[in-house]
Amino acid sequence: MSHFFLTTPLFYVNAEPHLGHTYTTVIADTLKRYYSSRGVETFFLTGTDEHGDKIAEAAKEHGMEPKAYADRISELFRSTWDACGISYDHFIRTTDPYHQKTVQRLLQKIYDTGDIYFGEYGGFYCFGCERFYTEKELVDGKCPDHQKKPEYIQEKNYFFRMGKYQQQLLDHIQSHPDFIRPEHYRTEVLAFLREPLGDLCISRPRTRLEWGIPIPFDTDYVTYVWFDALINYVSALEYKGERVFQTYWPKANHLIAKDILKPHAIYWPTMLMAAGLPCYEHLDVHGYWIMESGKMSKSLGNVVRPLEMKERFGMDAFRYFLLRDMVFGQDAAFSFDAFITRVNADLANNLGNLVSRVLAMQKKYFSSKVQPLSGSWAAEDLKLRDCFLQVGRDIQRHMGGLYFHRALESIWGALDRTNQYVVQTSPFVLMKDPEKHKRVGEILHHLLESLRMTSDFLTPFLPETASEIRSLLALPENKATADIPWGSLFQPDHQVNPPKVLFPRIETS
RNA sequence: CGCGGGGUGGAGCAGUCCGGUAGCUCGCAAGGCUCAUAACCUUGAGGUCGGUGGUUCAAAUCCACCCCCCGCAACCA
């Protein structure tokens, strides 16, 4: 039995769940379902990152205590994922006591080994960005983000000797080609590591910021948010017990968007090295959804809210678009036009209509009772079956490389083939000849098999749809049928259900 | 000399790592079918795969140089 640990980033509680959060989470959910269905025990972690100046500020604006504010937004994330049917195994909050304890324990450990030191640092600090700027980074002496002049601050802080681990990290990335995927992000990190890596300031004085995890060896300071948040990947497993931790660490796949590449590719591995823990296995980096905001309706504003999408179009339609229209790693555009076109063409027409027509014929011609197959199959029957068998192999190959769009493309190739098969064999014509009824029964049997295989294939991507197809075929809800050979699934006298519209066409006008 | 991404039929994209008849969706034209969600099937029109040069029997794909667009600013995946 192999194991797999899958994480999303901890979402910062200064915004409500939007398209980007949803994408990462849907990807994780799909992988979780995919690997689980293949017998790989998978632990899926998500949660919220709740400390730092920005949260303290946002809370103040709302006239709330930071914790109360964080509670509210964190709950919004959790309930959103619940409503979307996301199959996470644990939801962590950086304000959870067990997490704080782990952060403090690791800080103490690294401090004891001498990789954390107390030093003085002076520089231009922008309160908006919560960071120091070098003079080179400033534009006209101003912070490029906030157009404000940063203040010169001289203060003492704790520093992590990150630079000490630069060579070790470089070696690791070079000897593990699939450590950071896709490759261009790996290239980017390697390029970054050509320059000397400085040490990382990991504390904030309490005089400036209260809202954080206290540094265990100096109560005048709290922990820098990234040093706090990254550790969640370990603290969540520890919380589940020593055995869970031993089982799943370091078999971790961290899913992130490109904006947080540096903390995950550089801070986190060096932190693990200093803490004496093995490095995670993969960092999988995806791109951004580019909003075509000009075209969006005013009522929707500029944000795609997952719950609204689910209510308007169904979660599976939304999932399908996200997985099908973005090449993992690259940016993609989001527009309602593209969404509607995609859903109508692929879900309503190709898939939904296929299910309808097959079940309609089964009902009309044989009262929904599945007819037996004869010993010898026609060439087109074999071709149809082989096509689906090939798709199974294709999916496996594509999923290994995070090519979700190709996996779906190959499934839809099989659906095209199936629609072609209907026209080629024309059961509705054969039915006019009583002598051909037996053949019609066989053709429909093959078609039902193709629907069954489709439902198996779709399970990780479109879980609701997959289970609806199973229930239309009157198959047990939770029993995987992927291992049952084509033609051996339906027992004599098996009765399927009447057709149903899985995806209504979205009418525009 | 910043870093990265992209430039493929009218539109939007895949294919580029692992060279070998240029593919998908939408749109358009003609035909077929009637089981089905005005769906489905077939055929057609439409591309010098940004440019130039190179490697090769063969390049969208590899190499070199050049041109153009986008992000690295916003809450943020």
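Lettering of chains follows the sequences in order, A, B, ..., and the numbering in each one begins at 1.
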**Message:** Does the protein touch nucleotides 3-14 of chain B at the base, only the backbone, or not at all? Give it as B, S and - per nucleotide, heavy atoms under 4.0 Å.
**Reply:** -SSS-------S
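The phosphate of A36(B) has neither OP1 nor OP2 within less than 4.0 Å of any side-chain N or O from Lys500(A). In terms of phosphate contacts, Arg505(A) brings a side-chain nitrogen or oxygen within less than 4.0 Å of OP1 or OP2 of A39(B). Contact check, Asn344(A) against C26(B): no side-chain N or O comes under 4.0 Å of OP1 or OP2. The side chain of Gln420(A) places an N or O atom within less than 4.0 Å of a non-bridging phosphate oxygen (OP1 or OP2) of U42(B).
The side chain of Asp416(A) sits closest to C41(B) out of C41(B), C76(B), C35(B). Among the nucleotides U42(B), A77(B), C35(B), the one closest to the side chain of Met361(A) is C35(B). Minimum atom distance to the side chain of Tyr403(A) is reached by C17(B), of the listed U37(B), C41(B), C17(B). Closest contact between the side chain of Thr341(A) and the listed nucleotides U25(B), C41(B), C35(B) involves U25(B). Nearest to the side chain of Asn349(A), among C40(B), C76(B), C35(B), sits C40(B). For Ser356(A), the listed nucleotide lying nearest its side chain is A36(B); candidates were A39(B), U34(B), A36(B). Closest contact between the side chain of Ala345(A) and the listed nucleotides C26(B), A77(B), U34(B) involves C26(B). Listed nucleotides U37(B), U34(B), C35(B) differ in distance to Lys432(A); the shortest reach to its side chain belongs to U34(B). Comparing C76(B), C40(B), U42(B) against the side chain of Asn419(A) picks out C40(B) as the nearest.
Relative orientation of the Phe4(A) and Tyr35(A) rings is tilted, given thresholds of 30° and 60° on the angle between their planes.
We find that CG of Leu415(A) is positioned 15 Å from C1' of A36(B), with the value rounded to whole Å. What separates CZ of Phe321(A) from C1' of C26(B) is a distance of 13 Å, to the nearest Å. Atom CZ of Phe503(A) and atom P of A36(B) are 21 Å apart (whole Å). Distance CZ (Arg397(A)) to P (C18(B)): 16 Å, rounded to an integer number of Å. In this structure, Leu261(A) places its CG atom 13 Å from C1' of C72(B), rounding to the nearest Å. Counting to the nearest Å, the P atom of C17(B) and the CD atom of Glu183(A) are 12 Å from each other. Note: CD1 (Ile73(A)) to C1' (C76(B)) measures 13 Å, nearest angstrom. Straight-line distance from the CG atom of Leu347(A) to the P atom of C40(B): 12 Å, rounded to whole Å.
When heavy atoms are screened at a 4.0 angstrom cut-off, Pro9(A) is found touching the sugar-phosphate backbone but no base atom. Within 4.0 Å of Asp346(A), counting heavy atoms only, lies no atom of the nucleic acid at all. Using a 4.0 Å heavy-atom distance criterion, Trp289(A) is classed as a base contact. No contact: Lys363(A) has no heavy atom under 4.0 Å from any strand. Across all strands, Leu502(A) comes closer than 4.0 Å to base atoms (heavy-atom distances). Using a 4.0 Å heavy-atom cutoff across all strands shown, Lys258(A) reaches no nucleic acid atom at all.
Between the base of A36(B) and the side chain of Asn353(A) there is a donor-acceptor pair shorter than 3.5 Å.
Put simply, Tyr288(A) rests on the base of A77(B): the two rings are less than 5.5 Å apart at their centres and nearly parallel, under 30°.
Distance check on atom C1': C63(B) versus U55(B) gives 7 Å, rounded to whole Å. Comparing C18(B) with G9(B), their C1' atoms are spaced 27 Å from each other, to the whole Å. Of the C1' atoms belonging to U16(B) and A22(B), the separation is 12 Å, rounded to the nearest Å. Straight-line distance between the P atoms of C26(B) and A38(B): roughly 15 Å, to the nearest whole Å. Using P as the reference atom, A74(B) and G27(B) are 39 Å apart when rounded to the nearest Å. Comparing C69(B) with G51(B), their C1' atoms are spaced 15 Å from each other, to the whole Å. Nucleotides G19(B) and A58(B), compared at atom C1', are 8 Å apart to the nearest Å. For the C1' atoms, the distance from A60(B) to A77(B) is 32 Å, rounded to whole Å.
Looking only at distances, a side-chain donor or acceptor of Arg186(A) sits under 3.5 Å from a matching main-chain atom of Ile173(A). A donor-acceptor pair under 3.5 Å links the side-chain atoms of Arg319(A) to the main chain of Phe461(A), judged by distance alone. Not a single donor-acceptor pair under 3.5 Å links the side chain of Asn419(A) to the backbone N or O of Asp416(A). Looking at Asn497(A), its side chain does come within 3.5 Å of a backbone N or O of Ser471(A) through a donor-acceptor pair.
Pairing partner, G23(B): C13(B), with both Watson-Crick or wobble hydrogen-bond distances short of 3.5 Å. Checking C3(B) for Watson-Crick or G-U wobble geometry (two distances, each under 3.5 Å) identifies G71(B) as its partner. In this entry A29(B) has U43(B) as its Watson-Crick or G-U wobble partner, both defining distances falling under 3.5 Å.
When each of Arg357(A) and Asp259(A) is assigned the nucleotide of RNA chain B bearing its nearest heavy atom, the one mapping closer to the 5' terminus is Arg357(A). Comparing Ile260(A) and Val429(A) by the nucleotide of RNA chain B whose heavy atom lies nearest to each, the residue mapping closer to the 5' end is Val429(A).
Heavy atoms from other residues, nucleotides or ligands lying under 6.0 Å from NZ of Lys67(A) number more than 12. The 12-atom threshold is exceeded at CD of Gln390(A), counting heavy atoms of other residues, nucleotides or ligands nearer than 6.0 Å.
The side-chain heavy atoms of Glu311(A) and Glu308(A), taken from C-beta on, include no pair separated by under 4.5 Å.
Tyr288(A) carries Lys258(A) over the face of its six-membered ring, with the cationic atom under 6.0 Å from the centre and within 45° of the normal.
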**Message:** One pair to check against ring-ring contact (aromatic ring centres under 6.0 Å, His included): Trp486(A) and Phe388(A). What are the steps and the verdict?
**Reply:** CA-CA 9 Å; Trp486(A) 184 282; Phe388(A) 274 87; 5.6 Å; yes
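Ring centroids of Tyr233(A) and His264(A) are separated by less than 6.0 Å, placing the two rings close together.
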